[in-house]
Amino acid sequence: MSNWKLINTTFIYDGTFDGFLTIVFDVYSNKTLPKQICSKDLYIPNFLDKTLYINTNYEKSKRVFVGIEKNICYEALYNSYNAFLSNEKDKDINILKYLCEGFELGPKINNMLTNSYVYKVISMRKRVLFECHRLKGLLRFVEVQDNLFYASIHPDNNIIEPLGHHFINRLPNQYFIIHDKYRNLCFLYNGQTYEIIDSTNMNIPQFTESEKLYQNLWKAFFKTIAIKERKNPKCQMQYMPKKYWKDLIEMKY
Amino acid sequence: MEILDKLTILADSAKYDASCSSSGSKRKNNTTGIGNGNFAGICHSWGADGRCISLLKILFSNSCIYDCKYCINRSSNSIKRATFTPQEVADLTINFYKRNYIEGLFLSSAVIRSPNYTMEMLIKTVLILRNEYNFNGYIHCKTIPGSDQSLIDKLGKLVDRMSINIELPSNNSLKLLAPQKEKANILQPMSYVSNNIKLNKLDKNKFKPNFVPAGQTTQLIIGATPESDLKILKLSEGLYNKLNLKRVYYSAYISVNNDKNLPMLSSPPLLRENRLYQADWLIRFYGFKANELLDETHPNFNNILDPKCEWALRNIENFPIEINTADYFTLLRVPGIGVISAKKIIRARRTFLLDFQELKKLGIVMKRAKYFITCKGKYYDKVYKFNQSFIETNLIYQERLSIPNKNFEQLSLFDNLSPTKEDTIKCLTGSL
């Protein structure tokens, strides 16, 4: 990858993983590295930038998707998909370099932790999955109708899909909505299939009668289970940062 | 009694149990069921004391027939008593679980009427959860000492984890503080369960019911009795090796009862508890032995340095260690390098020789490690000497910065000039 041509262009794409893999395909076949890659929602037009919009091509993206697992390894696919969910600005260019280098070196790429973009991709993957794991615990469902549950979240990374799958496995017979309020995305599940939709104009429903009872029970339990003599608010805050408190029934302020 | 009052009373009685992990079980969900196990465990909230809440931790009942002196539920204490019905516990668990408040149930109980009766009530509760609600989430149950083996068998097939708390780390202490309990009574069901787990693992039948898949745990109280750290650590090492326990929890003693045999502590010995947990991890994941960490001449841990640092300073002849050639278990012995860092180093050095700069890039904390390692044969730049007293002084200096010292005070010019009684009287009468 060291002798590839660098071009001073910003690639714009539609923000999906398929769109990103299309860019990987084009870059790898032309052996030219762009200066920057940006999703079209986040891109701020700039007088100096040369831009090129890349249309998503599902055939190309599928070839890359299969190719990553075949020519690099499963771990590379796992790393790049999860790092892609990160909210960091330079995630795309780092994952691109990681994959292009990976196609040349094979599975050995994952050992090259001292390489800055490899380390970046792996640490992004770690951060995304850590937040996902954290929200598996910190998400709170509210019953809005008989057997229909609603939860709002404010995550840093776009983790709604892996999070939704966790709850489908766990509560397969429960209808639920997970609402990402930062990105205005909703994960809907109706007992059989799921869908992720845009939710800019969604009305947040009211909760049921019995819901109040269980919320009070939970608050009472939460309060009693702490040992007064061992009070340690700093430790509590470390594990349960304040940014998540607005969605927590027991900590709501 | 309202369910809210019962929950408050019985959660309050259960809170002194340290165990709250939900890991170790891969129990799968089925199409009609609710819940599944998560092998790594999931914490759902953290209480005001900073301890995680992952299970609905309650007692089935707190009206106990025993009178153990350290326990808040002892029969001679005048506290509010309550008992759940199995249906109430099951409903509470399911409704909390549906709202993702908890990962499962941790059901313990005081001994009501007799050990067998208590055990039967626990089994009844778990049966409702597993059979009626088709609940496949995590359940941790206490084994009641003195109950029949057939009951233990029955419960073991339903739950994910079982535990019996030893509480007091020696026979003498047990006699002193819990005269109605016997050591054999506690250890015998423990070894019975651990044998059954072993047999269950050997059974190659694919469709066998799992027996306690997440293993057994226990708890020791720290600071209620005079045992040294060495004695406690030896006991837990034995429990890990002989009985295959998953975890031994240490719980700093909190004065809840007044008794002439109990110490009066103003605050629980949290630092000692922390040191024991650190040593416990060293035994389980780092390949240390209790004898290496402590011996007769040093039976207790240091207040300032952690057990691994202390060990490294006492065995300074093993250091410095070359990062690029040392094997995994040698790397693990370096203070500041843990399991994750050691694995990262081993992975990264396959492609590059590592220097201090690369180690920092990998995210390895150099605060303690820099004194004990070399990279490509070179010692860390800013540290110019490798000798024990130099390292010890530096380590202690670093640690003191991070431990807030509550003993110092702002000096004042008028410290010695507190008004005497006569001055006060003069002030009051207006003559001063």
Side-chain angles (χ1 to χ4, degrees), chain A residues 105 108-116 118-119 122-123 133-143 147 149 151 166-167 169-174 176 210-211 213-218 220-240 248-251, chain B residues 3-4 7-12 14-16 20 28-36 38 40 42-54 56-58 92 95-103 136-137 252 254-255 267-268 270 344 347-352 354 357-358 361-363:
Chain A
L105 294 175
K108 173 167 111 181
I109 183 80
N110 290 318
N111 293 343
M112 302 176 69
L113 293 169
T114 47
N115 207 329
S116 70
V118 176
Y119 187 68
I122 287 176
S123 61
H133 179 81
R134 206 174 221 170
L135 279 174
K136 280 176 195 172
L138 291 178
L139 181 139
R140 297 280 177 271
F141 281 120
V142 173
E143 196 173 30
N147 201 31
F149 289 79
H166 168 79
F167 285 107
N169 283 335
R170 172 157 286 195
L171 308 161
N173 301 314
Q174 183 169 315
F176 63 78
S210 62
E211 180 59 29
L213 168 74
Y214 286 106
Q215 287 196 4
N216 285 339
L217 284 172
W218 170 242
F221 175 75
F222 179 79
K223 224 170 144 189
T224 24
I225 205 74
I227 300 177
K228 275 192 211 85
E229 290 87 343
R230 303 179 58 123
K231 208 173 170 208
N232 193 348
K234 216 172 158 186
C235 181
Q236 184 190 25
M237 194 104 82
Q238 221 166 32
Y239 287 118
M240 196 158 65
L248 290 175
I249 286 150
E250 65 269 31
M251 303 299 283
Chain B
I3 186 92
L4 183 69
L7 181 68
T8 325
I9 295 167
L10 292 166
D12 195 54
K15 71 183 176 191
Y16 296 102
C20 195
K28 284 223 172 65
N29 200 358
N30 47 23
T31 45
T32 55
I34 164 172
N36 57 1
N38 184 299
I42 296 176
C43 296
H44 285 252
S45 191
W46 282 266
D49 50 7
R51 300 186 309 160
C52 92
I53 302 169
S54 76
L56 173 65
K57 196 193 311 185
I58 44 174
L92 210 54
N95 276 298
F96 275 13
Y97 195 87
K98 276 184 173 174
R99 288 166 177 78
N100 201 36
Y101 298 162
I102 49 164
E103 191 64 15
N136 297 305
I254 296 164
S255 314
S267 64
L270 293 176
K344 256 195 231 167
R347 213 167 173 189
R349 72 184 186 194
R350 283 187 195 145
T351 48
F352 291 106
L354 300 174
Q357 219 147 35
E358 272 92 49
K361 239 193 230 167
L362 292 183

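Keep in mind that this is a model prediction, so the values were computed, not measured. First the proteins, then the strands, lettered A, B, ... as listed; each starts at 1.
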Pairs of heavy atoms under 4.5 Å with chain B: top-ranked of [options]:
options                        : answer
A:L171, A:I225, A:I227, A:N216 : A:I227
A:K108, A:M240, A:E250, A:K231 : A:M240
A:N115, A:L213, A:N169, A:N232 : A:N232
A:E229, A:K234, A:M237         : A:E229

Non-hydrogen atoms of chain B under 4.5 Å away: do they reach the side chain of [X], the backbone, both or neither?
X      : result
A:Y239 : both
A:Q174 : side chain
A:I249 : side chain
A:Q215 : both
A:F149 : side chain
A:F176 : neither

What part of [X] lies closer than 4.5 angstrom to a heavy atom of chain A: side chain, backbone, both or neither?
X      : result
B:L10  : neither
B:I3   : both
B:N30  : backbone
B:R51  : side chain
B:S54  : neither
B:I254 : side chain
B:L362 : both
B:S267 : neither
B:L270 : side chain
B:F96  : side chain

Ignoring hydrogens, what is the shortest heavy-atom contact between [X] and [Y]? Give both atom names and the distance.
X      : Y      : value
B:N136 : B:G35  : CB-O, 3.2 Å
A:S210 : A:E143 : OG-OE1, 3.6 Å
A:R134 : A:Q238 : NH2-O, 3.3 Å
B:S45  : A:F222 : OG-CE1, 3.2 Å
A:I109 : A:V118 : O-CG1, 3.5 Å
B:T8   : A:T224 : CG2-CG2, 3.3 Å

For chain A, which of [options] has the most heavy-atom pairs under 4.5 Å?
options                       : answer
B:A348, B:G33, B:A48, B:A11   : B:A48
B:N36, B:I53, B:T351          : B:N36
B:K98, B:E103, B:E358, B:R350 : B:K98

Exercise. Under 3.5 Å, is there a donor-acceptor pair between the side chain of B:N100 and the main chain of A:L139?
Worked result: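 Indeed, once roles are kept as given, a pair shorter than 3.5 Å links the two residues.
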Within the 4.5 Å heavy-atom criterion, are [X] and [Y] side-chain neighbours or not?
X      : Y      : answer
B:K15  : B:D49  : no
A:Y119 : B:K344 : yes
B:I34  : A:N173 : no
A:R140 : A:V142 : no
B:Y101 : B:H44  : no
B:I42  : A:R170 : yes

Problem set entry | For A:F221, ring pair (Phe, Tyr, Trp, His ring centres under 6.0 Å) partners two or more places apart | A:W218
